[in-house]
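Encoded as structure tokens, the structure appears first; notes follow it.
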Number of protein chains: 2
Amino acid sequence: MEEKDTCDVICVHEDEVNDVKSKMLEDEFLFEVSDNFKVFGDSTRLKIMYALSQRDLCVCDLAAVLDMSQSAISHQLRVLRSKNLVKFRKEGKMAYYYLADEHVVSMIELCVEHTKERY
Amino acid sequence: MEEKDTCDVICVHEDEVNDVKSKMLEDEFLFEVSDNFKVFGDSTRLKIMYALSQRDLCVCDLAAVLDMSQSAISHQLRVLRSKNLVKFRKEGKMAYYYLADEHVVSMIELCVEHTKERY
DNA sequence: AACTTATATGATCAAATATTCATATGGAAG
DNA sequence: CTTCCATATGAATATTTGATCATATAAGTT
């Protein structure tokens, strides 16, 4: 007897579905991947990262460059820090942020290229 | 006289800020870039694309593979279509979806790799 | 033509997330 | 040690967005 627990979908091509199912990556892993993409999927964060790819900047300079409040920038920097995309060093009372590694730069460049090409 | 319209930020290093500002890409363009990333930033859409990278699938098979409702899948396919990431062909009453181009595959593979490496 | 099936879609609801506001923290300068 | 400034952060608000539900469309079947 075949299970048909949740869904009411009728047309399921068993073989193809099972084939693809067996090839799928772990749910958890794909969630992680999409979660990584998500960080780049906000224009504020992307602008921050792009700005930092030009040079290290303190928080208030970032706010000036993006013309946004210090608080908004700070909150987003927190997100970027939590994903290890940016780091910072303290200089006196200021915090200079910079991109964590080349990965980030290449990631941005890649999607910039893709966007240019496709649209 | 220098403008200080919106923000109340004091510490702005004029030169550095202007330097970076001049190097920034168009707001509109960066918004578009982040908008592209955003599509990959949802696990349902990512799973759909990953499944389609294995083979073309009709909507109900996709629903079965992801164990989600036909409606949810259909809505997300619409998003993917609107971004030209997937296409489809009609076969009778069924719609077989497939990835629009190699770009999409390489994009997914890249981020899968990044994720594996970084975390 | 009436009925079933596969897909699409509008409306609604719920959850996630970005920004603002108020305030806290901690270094620098007086 | 008090004040000022750069940054961080919690709470509240606003906006976005994903899933569901109900329904529409359109192709195949009887």
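So you know, we letter chains A, B, ... as the sequences are listed, proteins then strands, and number each from 1.
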Legend entry - d(NZ, Lys87(A); C1', dT7(D)) in whole Å: 20 Å

Legend entry - Interatomic distance where CD belongs to Gln70(B) and C1' belongs to dT20(D) [whole Å]: 12 Å

Inset, instruction - Please work out which of the three classes, parallel, tilted or perpendicular, describes the rings of Phe37(B) and Phe37(A), given edges at 30° and 60°. - result: tilted

Inset, instruction - Give a yes/no answer on whether the side chain of Ser71(A) brings an N or O atom under 4.0 Å of OP1 or OP2 in dT7(D). - result: no

Legend entry - Any donor-acceptor N or O pair under 3.5 Å, side chains Tyr98(B), Arg55(B): no

Inset, instruction - Using whole Å, report how far CE of Met94(A) lies from C1' of dG26(C). - result: 14 Å

Inset, instruction - Find the distance Glu91(B):CD to dG28(D):P and express it as a whole number of Å. - result: 11 Å

Legend entry - Check: Asn36(B)/Thr115(A) side-chain N/O donor and acceptor closer than 3.5 Å: yes

Inset, instruction - Take the protein atom CD of Gln76(A) and the nucleotide atom C1' of dT20(C), then report the distance between them rounded to whole Å. - result: 13 Å

Inset, instruction - Using atom CG of Leu62(B) as one end and atom P of dT7(C) as the other, report the distance to the nearest whole Å. - result: 9 Å

Inset, instruction - For Lys93(B) and dT25(D), give me the distance from atom NZ to atom P, rounded to whole Å. - result: 18 Å

Legend entry - Of Ala72(B) and Lys90(A), the one whose closest DNA chain C nucleotide lies more 5': Ala72(B)

Inset, instruction - For dG10(C), take OP1 and OP2 only and decide whether either is under 4.0 Å from a side-chain N or O of Arg78(B). - result: yes

Legend entry - Phosphate contact (dA8(C) OP1 or OP2) by Tyr97(B) side-chain N/O below 4.0 Å: yes

Inset, instruction - Verify the contact: side-chain N or O of Ser69(B) to OP1 or OP2 of dT20(D), cut-off strictly under 4.0 Å; return yes or no. - result: yes

Inset, instruction - Please figure out whether His75(A) or Tyr96(A) has its closest DNA chain D nucleotide nearer the 5' end. - result: Tyr96(A)

Inset, instruction - Find the distance Lys38(B):NZ to dT17(D):C1' and express it as a whole number of Å. - result: 9 Å

Inset, instruction - Report yes if a side-chain nitrogen or oxygen of Arg45(A) is closer than 4.0 Å to either non-bridging phosphate oxygen (OP1 or OP2) of dA18(C); otherwise report no. - result: yes

Inset, instruction - Would you mind reporting whether Cys58(B) and His13(A) have side-chain heavy atoms less than 4.5 Å apart? - result: yes

Inset, instruction - Under 4.0 Å between any heavy atoms, over every strand shown, what does Ala95(B) touch: base, sugar-phosphate, or nothing? Just pick one. - result: sugar-phosphate

Legend entry - Pair Tyr96(A) + Phe88(A): ring centers closer than 6.0 Å: no

